[in-house]
Amino acid sequence: MKIRRSNRSQFKDWQITDEHTFNNRRLLLKSLGIGSSALLAGQAQASLFDWLKDEPTAKKQRKLQTLKYSKSRESELILTPEEKVTTYNNFYEFGTAKQDPAEYAHTLTVNPWQVEITGLVENPLKLNYEDLFNTFDLEERIYRLRCVEAWSMVIPWVGFSLNKLLEKAQPKSTAQYVAFETLNRPSEMRGQSSRFIGGNISYPYIEGLRLDEAMHPLTLMAVGLYGKALPNQNGAPIRLVVPWKYGFKSIKSVVKIHLTATQPQTTWNLAAANEYGFYANVNPKVDHPRWSQAQERVITSGGIFNQQHQPTQMFNGYAQEVAHLYKDMDLTKYF
Ligand SMILES: Nc1nc2c(c(=O)[nH]1)N[C@H]1C(S)=C(S)[C@@H](COP(=O)(O)O)O[C@H]1N2
Ligand SMILES: [Mo]
């Protein structure tokens, strides 16, 4: 479907429509027999409306166990308040509004759980719930998170490098990519049983990385944040965190890790290939077709009248560590 472009030179973050709002309007209008070009007028109101709603709190939380982990080195980064990290989420399986995951994700059973590592590996593995916390030493990692919607947070994750898990599974020499899959359980995930609630994307949510990206020491499997097990809304009991890529790569509530020879499909690329590429590296110079990526809105405890913006950093500030992975690539083509 053809997507209309807005004026990119005037950056106003409240003009950015969340992916879901846009996608949902397409679905709604399609069902009403109206084309997508009539969409843009409603954008500003929709985001403002979200902002003016009451501050959500995650009330129906299961008890989160305190984790044993080694503390991160001192970080210059200013942490996003825990209450924001756990109430301003994207997890479309529970609905597309930012407060939906905090409100509805308590319906998900995370224990028992099983993650399978399969495909082109010498040693296929299965981890159960306890294994997620006991197999590897857990460490804290304070990372910036940059959503493709041009907002950002700083989150103190707890987890282990994905490369430790992959080394245990022993990738075969033919393995070149890693495919990830989120749990598919419509009975517990309201967005998976309704296309309107679930933002009109297909489930299970799938993602992928090149094997060298997956093996990079920054690439984390997170099982906690702020010193405790992950709240359901943040992707319990285990989720991927790739800090130099847009947030949608960091797939939540993972049940499958599958090594392949060919590039796997990804949910957002299937939904809109011209907007969401396989690489999705944070890049201030490559705009989203509908908005600029030059700046980002910092999520703080301040409300609508106290918003901070800052320049987007190449590879989300991790260029020194990861730029070499892409050195001969045209990043406007492989976006
Ligand atoms: N399964 C699944 N994983 C997902 C998403 C989702 O909708 N479903 N949203 C992604 C997006 S767009 C972002 S920005 C991050 C948000 O993570 P957080 O809510 O823990 O901050 O999760 C990513 N992982
Ligand atoms: Mo995102």
Side-chain angles (χ1 to χ4, degrees), residues 16-24 56 58 79-105 108 110 115 141 143-159 179-186 188-192 197-209 220-226 229-243 245-257 266-272 275-276 280 282 288 291 293 296-299 312 316:
I16 295 171
T17 304
D18 293 351
E19 297 144 10
H20 79 270
T21 312
F22 193 77
N23 224 23
N24 264 0
L79 299 185
T80 305
E82 182 175 359
E83 159 266 337
K84 280 284 168 192
V85 173
T86 58
T87 57
Y88 188 92
N89 300 102
N90 278 332
F91 199 168
Y92 286 13
E93 283 86 338
F94 297 102
T96 54
K98 293 287 180 283
Q99 63 274 24
D100 281 345
E103 190 161 345
Y104 297 106
L108 178 66
V110 301
V115 186
R141 301 273 185 94
Y143 282 164
R144 294 163 40 78
L145 173 82
R146 172 56 159 81
C147 178
V148 74
E149 297 162 343
W151 52 263
S152 69
M153 295 192 188
V154 174
I155 304 179
W157 303 106
V158 177
F180 302 84
E181 201 173 303
T182 295
L183 178 72
N184 196 43
R185 191 183 285 160
E188 292 186 356
M189 296 169 129
R190 62 199 280 272
Q192 289 183 338
I197 294 174
N200 195 28
I201 58 176
S202 58
Y203 295 106
Y205 193 101
I206 50 174
E207 258 305 335
L209 294 172
L220 190 73
M221 294 310 295
V223 296
L225 57 81
Y226 271 103
L230 282 178
N232 287 8
Q233 59 269 32
N234 294 93
I238 185 165
R239 59 93 57 89
L240 180 69
V241 180
V242 193
K245 293 178 179 282
Y246 291 119
F248 65 87
K249 299 295 290 181
S250 293
I251 181 173
K252 294 178 168 180
S253 304
V254 170
V255 290
K256 268 188 208 157
I257 300 177
T266 62
T267 293
W268 279 103
N269 186 254
L270 289 169
E275 301 191 356
Y276 309 106
V282 175
H288 187 283
W291 58 79
Q293 293 291 23
E296 60 196 33
R297 178 167 53 90
V298 184
I299 304 294
T312 303
N316 202 25

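Computed from a predicted model, the values in this text were never measured in an experiment. Note that ligands are numbered from 1 as they come in the structure, with each ligand's atoms numbered from 1 the same way.
- Side-chain contact between Asn232 and Phe91 is absent, with no heavy-atom pair separated by less than 4.5 Å.
- Listed by number with element, the atoms of ligand 1 under 4.0 angstrom from any heavy atom of Ser250 are 22 (O), 23 (C), 24 (N).
- Proximity of Arg239 to ligand 1 is established by a heavy-atom distance of less than 4.0 Å.
- Using a 30° and 60° split on the angle between ring planes, Trp291 and His288 fall in the parallel class, below 30°.
- No donor-acceptor pair closer than 3.5 Å links the side chain of Tyr276 to the backbone N or O of Val148.
- Distances below 4.0 Å separate heavy atoms of Cys147 from the following atoms of ligand 1: 14 (S).
- Contacts between Val148 and ligand 1, counted as non-hydrogen atom pairs separated by less than 4.0 Å, are absent for every part of the residue.
- Heavy-atom contacts of Tyr92 reach the following atoms of ligand 1: 6 (C), 7 (O) (cutoff under 4.0 Å).
- Within the listing of ligand 1, atoms 3 (N), 24 (N) sit less than 4.0 angstrom from a heavy atom of Ile251.
- For atom 2 (C) of ligand 1, the candidate residues are Tyr88, Tyr205, Trp157, Trp151; the nearest heavy-atom contact is made by Tyr205.
- Of all the heavy atoms of Glu149, none lies under 4.0 Å from any atom of ligand 1, so neither backbone nor side chain is involved.
- Each of the following atoms of ligand 1 lies closer than 4.0 Å to a heavy atom of Glu93: 1 (N), 2 (C), 6 (C), 7 (O), 8 (N).
- Rounded to the nearest 0.5 angstrom, Asn184 CG and Glu93 CD are separated by 8.5 Å.
- A donor-acceptor contact closer than 3.5 angstrom links the side chains of Lys98 and Asn90.
- When atom types are taken as modelled, the side chain of Arg144 and the backbone of Ser152 share no donor-acceptor pair closer than 3.5 angstrom.
- Interface atoms of ligand 1 facing Leu145, defined by a heavy-atom separation under 4.0 Å, are 21 (O).
- Closest of all the heavy-atom pairs between Leu225 and Trp157 is CD2-CZ3, 3.7 Å.
- Taking only nitrogen or oxygen atoms, main chain and side chain alike, Gln233 does not reach within less than 3.5 Å of ligand 1.
- Only the side chain of Thr182 comes within 4.0 Å of ligand 1, counting heavy atoms alone; its backbone N, CA, C and O stay farther away.
- Within the model, atoms OG1 of Thr87 and CG of Asp100 stand 12.0 Å from one another, a figure rounded to the nearest 0.5 Å.
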